[in-house]
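Here is the structure we will look at, set down as structure tokens.
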Amino acid sequence: MKEGDRWGPMLSVAWLGAGLVHVALAFLWAPDPRSTSWADPIAFRIFFFHVPLAWSGYLAFGIVFAASIVFLRTRNARWDHLAVASAGVGVVLISLALVTGALWQEAETGEYWRWDDARLFTTFVLWLVYLAYVALRSTGEGGEGEARMAAIYGIVAFASVPISFFSVRLLPALHPPPGSREYMTPVFVAVLLVGVVVFTLLYLLLLRHRLALLKQALTLEEAKQSLEGA
Amino acid sequence: MNSGKAWSIAKKDLRSELRSREGATTLVFLSLLILFVFRGILDPRLGARDPALVAGILWATFFFVGTVGVAGTYGRERDRGTLEGLVLAPGGAFAVYLGKLAATAALTVAVNSLSLLFLGVLFNYDFGGVIVLVWLVMLAGTLGFLSIGSVIAALVRGARSRDALITILLIPITLFSIVMPSVSATAALLGGSGTLTSNLYTMVPATVVFVALAYLLFPFVLEE
């Protein structure tokens, strides 16, 4: 038995507990926002999940960028594994952030998607870029060549994000600007912070599982090769 | 030395293109086909009077011609096994990038100029005096697009599904930083909303960043 197998389920259960606490806080403890500024106070609670999801997704993509640079410098496959695992998890998290954002938007304005929202736009580009990264990793090239290709794309991709942000800067900021609204009460901030911690832990947990899977796939591949060689 | 190597590579590519015309034939035909498709799917009664529509059709054409154009440059070297020679020649990896970029840009800009003509004829559209400015925006947008497109094309040159990969990887990176500002700038020139300068302020810095990325990453890109 590998060490990952022993701790994996326990960590998952622990995270589930933390996640339930966060759900309870978001729905039971946090007060309704002033109904004048938000059409739907229940849908407003999506905020406690939407923002942490987006945050952990951005974190995941930042890790892809950093791991890609380190891989190009050191050529240690471990960093490549970190990049590919982080990209996969990041795409899932940002997908959820986009879905929760769309649902919330619909509840507030009746529209799922607004192309004139700069931050939504940028996040959508980010999502496309890393979906392309995942597609690149699914071509089945394998080996050092694919890892090098992906690392370079991981760097180009991350660098393209601020450029995209820059290019949509002329759009009006429809997104709720952070830190300037009446809803930012201490309780609200506390629940949001719990959310950020919970979803950062979710990222780390999924990353850990993904890395363990990659390691097992590699072990399997090596075993196959040694059998063929024998 | 660098510029010498880049120049030699560009000359070699253009000479080879002039002799075989394998890139140009495909690209001109592609450009015509895309414009035909737009002519076919749009109601002729609408006409092409809306600047945003004309700019969109133009850039959809430029975009796909550019993608196919850039795909050929490194793919051919790879298929013929000649890329190694270019890498080993003294002068560095960035010179290979610049030379290839220059040759691809020359070909693509030539085909895009023809596309402007085709659009004028097929859609019965009169550009009037702004045609020179539209051409310059096309030049800026095409260079920006190819500046990072060359990196991607070189990167996936060995992959089995390289043509599909170039499209998949290139669209998200350039759509918002190069293509959309180009469309917007073109539409502004043709009398639509938006301004020329604010879009150029996006495209030009983006191109500079892309070239800088190419400078930093091309030695890694060319590894075998």
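Naming convention: chains lettered A, B, ... in sequence-line order (proteins, then strands); numbering from 1 in each chain.
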So how far is it from [X] [atom1] to [Y] [atom2], rounded to the nearest 0.5 Å?
X      : Y      : atom1 : atom2 : answer
B:I168 : A:Y133 : CD1   : OH    : 15.0 Å
A:L72  : B:L216 : CG    : CG    : 11.0 Å
A:I155 : B:L213 : CD1   : CG    : 8.5 Å
B:F220 : A:F71  : CZ    : CZ    : 10.5 Å

Can you find a pair of side-chain heavy atoms, one from [X] and one from [Y], that are under 4.5 Å apart?
X      : Y      : result
B:I152 : A:Y153 : yes
B:L217 : A:V156 : yes
B:I171 : A:L128 : no

Is the count of non-hydrogen atoms from other residues, nucleotides or ligands lying under 6.0 Å from [X] atom [atom1] greater than 12?
X      : atom1 : answer
B:F64  : CZ    : no
A:W15  : CH2   : yes
B:E223 : CD    : yes

- Query: Given a strict heavy-atom distance threshold of 4.5 Å, which part of B:I178 is in contact with chain A: side chain, backbone, both, or neither?
  - Reply: neither
- Task: Let me know if A:R75 has heavy atoms under 4.5 Å from chain B in its side chain, its backbone, both or neither.
- Result: side chain
